[in-house]
Amino acid sequence: MCLLLCMLPTQDYFARWGQSGTVDLKHELEHLVTFVSSRCLFGEEVRSKMLGEVATNLRELNDGMRLVTILFPHLPIPAHRRRDMARARLGEIFSDIVRSRKAACDSDDSVGRNAHVDDVLQGLIDSRYKSGRRTTETEVVGMLVSALFAGQHTSSSTATWTGARLLARENAAHLRAAVREQERIMSRHGDRVDYEVLLEMETLRCSVKETLRLHPPAMVLLRHARRSFVVRSREGEEYEVPEGCTVASPLLLHHRLPYVYGDPERYDPGRFRAPAARGADDDAGASAFAYTAFGGGRHACVGEAFAYMQIKVIWSHLLRNFEMEMVSPFPETDWNVVMPGPKGKVMVSYKRRTISAAA
Ligand code: HEM
């Protein structure tokens, strides 16, 4: 069901593109990801009425999460003021939606459940605490905003970086491999893309995973040490982390450790292929936490599977239906925000094509 909710909006969205043209890929994917996520989370209400406004406000929320925000979350700077206004507006939009859904539930069913709707919004409205109390409007709105915020910018910037990496001139061989994979899959399954077919897109999965190694939306993971513990370095030195300290694990650095990722600056999706397919074990020396684009442990990202599904749906569609070329320089990273993404526009020219299924 969720896969269908990803695929249909993706097809509809790209149907609006012409036979050929030039687009800002970052802008396009930002809209598409908001479109898909809001469709999966909320159903028709957001998609039909609020998409442009929701997308704009989510962008303001992200833009208001500056590095200075970590130390001074309420510093009166313009970016924080815009962030607070955006959060208030999202609250209003979603409160209206929750209210009208609840009203529909109450008229639909005497126990306050809407039997016809199956999305995250409905799940939150239907939830009960152990005490039997129902979730309040404020609680549902808060959880919706955080789910959308957690999944929107992360997924859209990863989808854009994946495109920028695959379309970079020096990665032509990786792009060809990704297109060939789609041809092979089409020869077996035609146009059908279901969950099993997505699982076969191993080259695409590795391309996304390698993109996330080099461009993780979260730069650092933070944990509070509830008790003291000792860390031993590779060189055998020991460090004590005292109880009560905050521990920061910088993804940006450990995703580039040369003894884990040989030639770490090189974009090489093949490094994540299964060892049997690779013929060598590149993971030697890597610990379970060498790759933490989605975090780890108890608070690891709950949206990882959804994010891969969404990005694979988008990129398999683009690879099958368009010949693309990046016409702006490879994007720089916007380091001003807490979750860095590509800076400026990512201009791409496209031409429609129909790839033939490989024999
Ligand atoms: C490429 C896309 C995504 C990336 C790179 C990403 C990355 C992350 C990271 C690094 C964390 C922190 C984990 C930790 O501290 O160990 C996190 C947490 C979280 N993510 Fe994602 N995420 C993505 C997509 C999504 C999506 C699509 C959703 C929801 C639909 C989502 C929902 C969450 C939630 C709710 C948490 C908090 C988990 C907790 O604290 O228990 N994420 N994500």
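Keep in mind that this is a model prediction, so the values were computed, not measured. All residue numbers in this chain count up from 1 along the given sequence. All ligand and atom numbering here is 1-based and tracks the order in the structure. Keep in mind that the numbers below use all heavy atoms, side chains included, and drop hydrogens, waters and symmetry copies.
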Legend entry - Location of contacts on Leu212 toward ligand 1, heavy atoms closer than 4.0 Å: side chain
Legend entry - Identity and distance of the protein heavy atom lying nearest atom 6 (C) of ligand 1: Phe294 CD2, 3.7 Å
Legend entry - Minimum-distance protein heavy atom relative to atom 13 (C) of ligand 1: His299 O, 3.1 Å
Legend entry - Atoms in ligand 1 with a heavy atom of Gly296 nearer than 4.0 Å: 16 (O)
Inset, instruction - Assess the side chains of His189 and Glu200: does a donor N or O sit below 3.5 Å from an acceptor N or O? - result: yes
Inset, instruction - Would you mind listing the cluster partners of Val241? Hydrophobic ones only (ILVMFWY), side-chain contacts under 4.5 Å, chaining allowed. - result: Phe229, Val231, Val247
Legend entry - Lys/Arg N to Asp/Glu carboxylate O, Glu210 vs Arg271, below 4.0 Å: yes
Legend entry - Distance flag for atom 37 (C) of ligand 1, protein heavy atom under 4.0 Å: no
Inset, instruction - Consider only side-chain N and O atoms of His153 and Arg59, and report whether a donor and an acceptor are under 3.5 Å apart. - result: no
Inset, instruction - Under 4.0 Å from a heavy atom of Phe306: give me the atoms of ligand 1 that qualify, with their elements. - result: 27 (C)
Inset, instruction - Give the minimum heavy-atom separation between Ala248 and Leu222, together with the two atoms involved. - result: CB-CD2, 3.7 Å
Legend entry - Val302: numbered ligand 1 atoms lying under 4.0 Å from its heavy atoms: 32 (C), 33 (C), 34 (C), 35 (C)
Inset, instruction - Report the nearest protein non-hydrogen atom to atom 28 (C) of ligand 1: residue, atom name, distance rounded to 0.1 Å. - result: Gly303 CA, 3.6 Å
Legend entry - Under 4.0 Å to a heavy atom of Pro217 - the qualifying atoms of ligand 1, by number: 5 (C)
Inset, instruction - Assign the ring pair His31 / His27 to parallel, tilted or perpendicular, where the plane angle (0 to 90°) is split at 30° and 60°. - result: tilted
Inset, instruction - Note the single closest protein heavy atom to atom 1 (C) of ligand 1, along with its residue, its atom name and the distance in Å. - result: Thr158 OG1, 3.4 Å
Legend entry - Connected via hydrophobic side-chain network under 4.5 Å: Leu148 and Val337: no
Inset, instruction - Please could you name the atoms of ligand 1 that Gly295 approaches to less than 4.0 Å, counting only its heavy atoms? - result: 10 (C), 13 (C), 14 (C), 16 (O)
Inset, instruction - Would you please indicate if the ring centroids of Phe272 and Tyr291 are separated by under 6.0 Å? - result: yes
Inset, instruction - Identify the protein heavy atom lying closest to atom 19 (C) of ligand 1, giving its residue, its atom name and the separation to 0.1 Å. - result: Cys301 CA, 3.7 Å
Legend entry - Candidate with minimal heavy-atom separation from atom 14 (C) of ligand 1, of Arg223, His153, Met143, Met219: Arg223
Legend entry - Proximity to ligand 1 by part of Ala218, non-hydrogen separation under 4.0 Å: side chain
Inset, instruction - Please identify which atoms of ligand 1 are closer than 4.0 Å to at least one heavy atom of Leu221. - result: 10 (C), 14 (C), 15 (O)
Inset, instruction - Kindly indicate whether the side chain of Leu61, heavy atoms from C-beta on, has any atom under 4.5 Å from the side chain of Val145. - result: yes
Inset, instruction - Looking only at protein heavy atoms, identify the closest one to atom 24 (C) of ligand 1 and say how far it is in Å. - result: Thr154 OG1, 3.5 Å
Legend entry - Steps toward salt bridge (Lys or Arg N to Asp or Glu O under 4.0 Å) verdict (Arg232, Glu237): CA-CA 6 Å; Arg232 187 167 300 107; Glu237 288 167 62; over 6 Å; no
Legend entry - Which residue and heavy atom of the protein sit nearest atom 26 (C) of ligand 1, plus the separation: Gly151 CA, 3.3 Å
Legend entry - Side chain, backbone, both or neither: Ala293 near ligand 1, heavy atoms under 4.0 Å: backbone
Legend entry - Nearest candidate to atom 33 (C) of ligand 1, where distance is taken over non-hydrogen atoms, out of Ser155, Ala150, Ser146, Ser249: Ala150
Inset, instruction - Determine, for Arg273 against Glu202, whether the closest basic-nitrogen to carboxylate-oxygen distance falls under 4.0 angstrom. - result: no
Legend entry - From CD1 (Ile185) to CE (Met201), nearest 0.5 Å: 4.5 Å
